[in-house]
Amino acid sequence: MAKELPITETLLSRHNLTKDEYDRILLILGRVPNLTELGIFSVMWSEHCSYKSSRVHLKRLPTEGPFVLQGPGENAGIIDIGDGYAVAFKIESHNHPSFVEPYQGAATGVGGILRDIFTMGARPIAAMNSLRFGSLTNPKNRQIMEGVVAGIAGYGNCFGVPTIGGEVNFGDCYSQNPLVNAFALGIFKKDQIFYGKASGIGNPVIYVGSKTGRDGIHGATMASAEFDEGSEAKRPNVQVGDPFLEKLLLEACLEAMKTGAVVGIQDMGAAGLTCSTCEMGGRASTGIEIDLYKVPQREEGMSSYEIMLSESQERMLLVAEKGREEDIFRIFRKWEIDAVTIGKVTNDGVLRILDRGETVAEIPNRALTDDAPIYKRPIAMPSRIPERIESTDIDPLYQDWGELLEHFLASPDLASKEWIYYQYDHMVRTNTIQKPGADAAVIRIKNTEKALAMTLDGNGRYCENSPRRGAQLAVAESCRNLVCSGARPMAATNCLNFGNPEKPEIMWQFSEVIDGLAEACRAMGTPITGGNVSFYNETLGEGIYPTPVIGMVGLIEPLTKIRSSWFVNEGNQLVLLGPIVGISGDYSNALRSSLKHLTFRERIPADLYTSWVKNLPCPPIDLAIESRVQKTCLEGIDDGVIISAHDCSDGGLAVAVAEMAFSTSKGPSLGVSISLPESLDVGECLFGEYPSRILVTVDRQRVSDLMAIADFQNVEVTLLGEVFGDKLLIKQGKSVVLERSINSLKKAWTNCLEELFDVSV
């Protein structure tokens with residue numbers, strides 16, 4: 001055993017360990033830990049790895065369902081999509097590294113989530129991302145965003161996986177706390193699933209992939225603390241990725257799995273070699289013994305502490321069947337990748353680390369995994385909930401609805417994200433059917449009549465006002481987006497981004513979000529198969545909005561049921577499924593008051609939309625109505641009645657209609673003429689962000705068929721107008737309330753990010 005060292009408060013603080021946690025370590029070991037052991041405990045007991053503040057709440061989420069083959073606890077969740085096929089998918093955060101080093105932070109986030117997929121035996125076929133940045137009027141935020149987008153593009157494009165969609169939003173609270181949530185999905189036969197278990201006493205433990213360096217040391221610990229003035233100096237904590245090597249690693253791992261010699265496999269992600277060894281042993285109730293002298297290293301003089309805590313990328317840990325090592329080595333030699341036996345599976349449940357035969361660390365696996373600390377943190381409702389704005393009438397002077405719509409479409413939150421996703425190769429592997437920009441991305445499964453629809457959705461500003469309701473809205477919108485593409489929602493993954501869990505009001509937000517997710521997922525029939533919790537998204541005490549991001553997967557079968565989000569043919573009828581205005585007057589009152597203060601005589605700021613909605617209360621949602629609206633849409637698609645469909649959400653009805661008019665192709669767009677019911681307030685109709693609404697287009701001859709389906713589901717339907725021409729024309733009675741050319745609206749929508757970044761798509 002290595003020489004003991006004095007444990008000081010400063011040393012514990014550097015490792016983000018509390019005095020109580022250190023006392024617990026002493027009790028487990030029965031002695032003072034050495035530095036390597038202290039480092040191992042610090043990363044495995046970090047918030048990022050142990051989920052010590054969230055586990056008690058995550059248990060309330062539904063995790064089982066008719067399609068679920070693997071729920072939380074493995075590298076990725078798995079669902080059964082029929083005909084012998086299974087899908088592995090997951091979302092993970094890489095928030096802290098992306099602030100410190102935007103390009104590499106985002107790039108290695110993509111690399112890590114891809115490894116989570118192929119370590120299950122699945123070939124990655126699609127990637128997505130959910131991003132949050134501060135206001136783009138700040139040059140620093142633009143720099144972070146440029147770096148993050150370039151990192152995602154650089155890694156995904158080089159690896160050869162299509163990045164086919166996602167979401168991007170902005171808010172001041174994300175200025176020094178960007179969120180970079182990476183999602184990936186892979187496909188395989190359901191009898192070819194691999195797990196991260198170190199089974200079989202005496203089986204060899206094999207290290208494969210990149211050599212170990214000093215990059216990323218204590219990355220998991222960095223992700224488990226707030227940022228301060230010195231955070232940008234933590235660049236050594238950010239890993240450096242190599243997408244070309246990862247591509248080779250993917251092919252070698254999948255080929256090795258086909259030999260039958262691989263017993264278990266795990267990605268060396270957060271906490272590197274430490275996490276992969278103790279978690280594989282923990283899942284199988286076995287021990288693992290490794291010798292660090294055998295670990296491939298790219299730097300000289302690395303200590304056992306550095307090797308165990310390094311988060312160098314593109315590395316995997318395999319457990320092979322004893323006697324079949326050469327079957328593994330032969331494959332990795334062919335792909336010119338290191339593959340070395342560094343240890344063996346033992347029967348004592350202990351993680352034992354040797355260096356040239358000398359024991360340098362010895363810790364029970366369960367102490368690092370299942371028996372890691374679990375905290376039931378104090379919970380308290382915030383003393384100040386964002387105030388609701390009192391109702392007031394709208395001054396007629398400010399009712400230029402066309403100008404308001406143009407300014408909304410030109411705001412970063414609502415504007416076209418083509419500048420971002422056109423940097424991504426979304427057509428590689430030629431499976432992409434629905435490109436970025438639609439409600440959901442759609443990718444075909446070759447040699448079948450199946451396609452998968454995927455979406456990412458989250459709304460931090462609603463969760464700031466009402467965490468539980470905001471979480472329900474996020475789940476509902478995710479399902480709605482899938483339904484609009486023709487897919488039946490099957491299951492979800494989540495990335496839960498929050499501030500400091502040691503603050504009772506943050507834990508209140510977290511607990512409320514969990515309950516909201518649980519209620520909505522049960523109502524929609526979409527269990528959670530896994531995900532990620534990212535706490536400590538705070539800088540100098542200022543935290544982000546509570547931002548749960550929902551990644552959801554649905555199945556389309558056959559391919560003829562795929563639907564786009566845009567107008568298709570002139571003469572089609574535009575119909576709204578669901579209530580044209582909300583079920584509560586509170587939201588419309590806030591809308592009226594906000595509009596009262598808009599002044600069109602002066603130039604409206606580019607971030608008008610964000611500032612306009614930031615104080616609006618979260619709209620209520622009736623999950624039963626939501627479910628019926630979605631069933632109506634799916635049945636209309638199944639029967640061939642619905643031609644196209646679009647979720648009506650951010651920006652309200654006017655923005656959704658405009659988006660349907662903007663074809664993603666470079667060809668001409670289609671206009672529409674709409675008549676609003678005379679009894680309703682124009683502002684509520686056009687810009688109220690009420691849930692449970694889907695805009696659909698239908699052939700004139702089949703409107704009655706849609707009405708019959710909606711009547712059976714007890715869903716409200718409004719016939720709005722007809723697709724034709726090149727204008728958005730909205731009337732109420734004989735009065736024209738909005739008239740704009742589609743080209744002028746589209747120009748405002750597409751120019752926003754191009755002008756901010758001085759580029760053109």
Side-chain angles (χ1 to χ4, degrees), residues 7-25 38-39 41-61 93-97 99-100 132 173-179 218-231 234 237 270-271 368 371-385 460 463-464 467-468 470-471 494-517 531-548:
I7 304 296
T8 64
E9 290 185 9
T10 300
L11 187 62
L12 291 177
S13 177
R14 278 173 40 206
H15 287 79
N16 278 6
L17 288 168
T18 67
K19 179 64 166 58
D20 287 344
E21 288 171 344
Y22 177 64
D23 290 342
R24 184 169 175 169
I25 292 171
L38 190 72
F41 272 108
S42 75
V43 292
M44 291 308 300
W45 285 10
S46 69
E47 193 70 59
H48 190 74
C49 291
S50 73
Y51 289 51
K52 57 189 176 186
S53 298
S54 60
R55 274 198 282 176
V56 68
H57 298 284
L58 294 173
K59 293 177 181 178
R60 304 202 295 272
L61 293 173
S93 65
H94 232 224
N95 304 335
H96 288 67
F99 171 68
V100 175
R132 300 290 187 280
C173 66
Y174 303 110
S175 278
Q176 297 186 76
N177 300 283
L179 302 185
H218 267 301
T221 308
M222 178 186 70
S224 304
E226 293 183 22
F227 277 150
D228 54 29
E229 296 93 334
S231 294
K234 296 182 178 180
N237 292 112
L368 298 171
D371 293 340
I374 297 178
Y375 295 135
K376 193 171 184 179
R377 303 267 191 199
I379 293 177
M381 183 182 293
S383 57
R384 186 189 68 81
I385 299 293
C463 290
E464 175 76 358
R468 182 184 297 226
N494 58 47
C495 198
L496 308 178
N497 306 276
F498 288 80
N500 187 341
E502 297 165 44
K503 297 178 178 179
E505 61 270 23
I506 300 298
M507 286 311 300
W508 176 81
Q509 292 175 339
F510 186 81
S511 179
E512 287 287 293
V513 162
I514 291 296
D515 287 338
L517 293 178
N532 175 232
V533 177
S534 175
F535 278 131
Y536 295 99
N537 291 287
E538 295 197 10
T539 298
L540 300 176
E542 294 295 322
I544 63 167
Y545 293 146
T547 311

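Every heavy atom of this structure was used, including side-chain atoms; hydrogens, water molecules and symmetry mates were not. Counting from 1, the numbers follow the sequence of the chain as shown.
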With rounding to the nearest 0.5 Å, note down the distance linking [atom1] in [X] to [atom2] in [Y].
| X | Y | atom1 | atom2 | value |
| --- | --- | --- | --- | --- |
| S511 | R377 | OG | CZ | 14.5 Å |
| H94 | S534 | NE2 | OG | 10.0 Å |
| M507 | K376 | CE | NZ | 10.5 Å |
| N16 | H48 | CG | NE2 | 13.0 Å |

Is any side-chain heavy atom of [Y] closer than 4.5 Å to one of [X]?
| X | Y | value |
| --- | --- | --- |
| E47 | P501 | yes |
| E464 | Q509 | yes |
| I506 | E538 | yes |
| Y22 | I7 | yes |
| Y174 | T547 | yes |
| L496 | L517 | yes |
| H15 | S46 | no |

Under the 3.5 angstrom rule, does the side chain of [X] hit a backbone N or O of [Y] as a donor-acceptor pair?
| X | Y | result |
| --- | --- | --- |
| S42 | G39 | yes |
| R468 | C463 | no |
| E542 | C173 | no |
| Q176 | T539 | no |
| R55 | S50 | yes |
| N537 | N177 | no |
| N497 | P548 | no |
| D371 | L368 | no |

How far apart are the C-alpha atoms of L38 and L12, what are their side-chain angles, what is the distance that settles it, and do they pass the side-chain contact (heavy atoms from CB on, under 4.5 Å) test? CA-CA 9 Å; L38 190 72; L12 291 177; 4.1 Å; yes
When you look at E502 and Y536, which way does the side-chain hydrogen bond (donor to acceptor under 3.5 Å, both in side chains) test go after all the steps? CA-CA 9 Å; E502 297 165 44; Y536 295 99; 2.5 Å; yes
Nearest heavy-atom neighbours spanning [X] and [Y]:
| X | Y | result |
| --- | --- | --- |
| G460 | Y545 | O-CB, 3.5 Å |
| K503 | G541 | NZ-O, 3.3 Å |
| W508 | A380 | CB-O, 3.3 Å |
| N95 | P178 | CB-O, 3.5 Å |

Mind checking what makes side chain to side chain donor-acceptor pair (under 3.5 Å) contact with K19, not counting sequence neighbours?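 Partners of K19 by the side chain to side chain donor-acceptor pair (under 3.5 Å) criterion, ordered by chain and then number, come out as D23.
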Quick check with a 6.0 Å cut-off and a 45 degree axis cone: is R24 positioned over the face of W45's six-membered ring?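 Because its charged atom sits under 6.0 Å from the ring centre and within 45° of the axis, R24 does stack over W45.
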Start with the C-alpha distance between F498 and I544, add both sets of side-chain angles, then the distance that settles side-chain contact (heavy atoms from CB on, under 4.5 Å), and finish with yes or no. CA-CA 7 Å; F498 288 80; I544 63 167; 5.7 Å; no
Charged N-O contact under 4.0 Å between K52 and E21: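 Here K52 pairs with E21 in a salt bridge, since their nearest N and O are under 4.0 Å apart.
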Once the angle between the rings of H57 and F510 is folded into 0 to 90°, is it parallel (under 30°), tilted (30 to 60°) or perpendicular (over 60°)?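 H57 vs F510 ring planes: perpendicular.
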Residue pair N494, N532: steps toward the side-chain contact (heavy atoms from CB on, under 4.5 Å) verdict: CA-CA 6 Å; N494 58 47; N532 175 232; over 6 Å; no
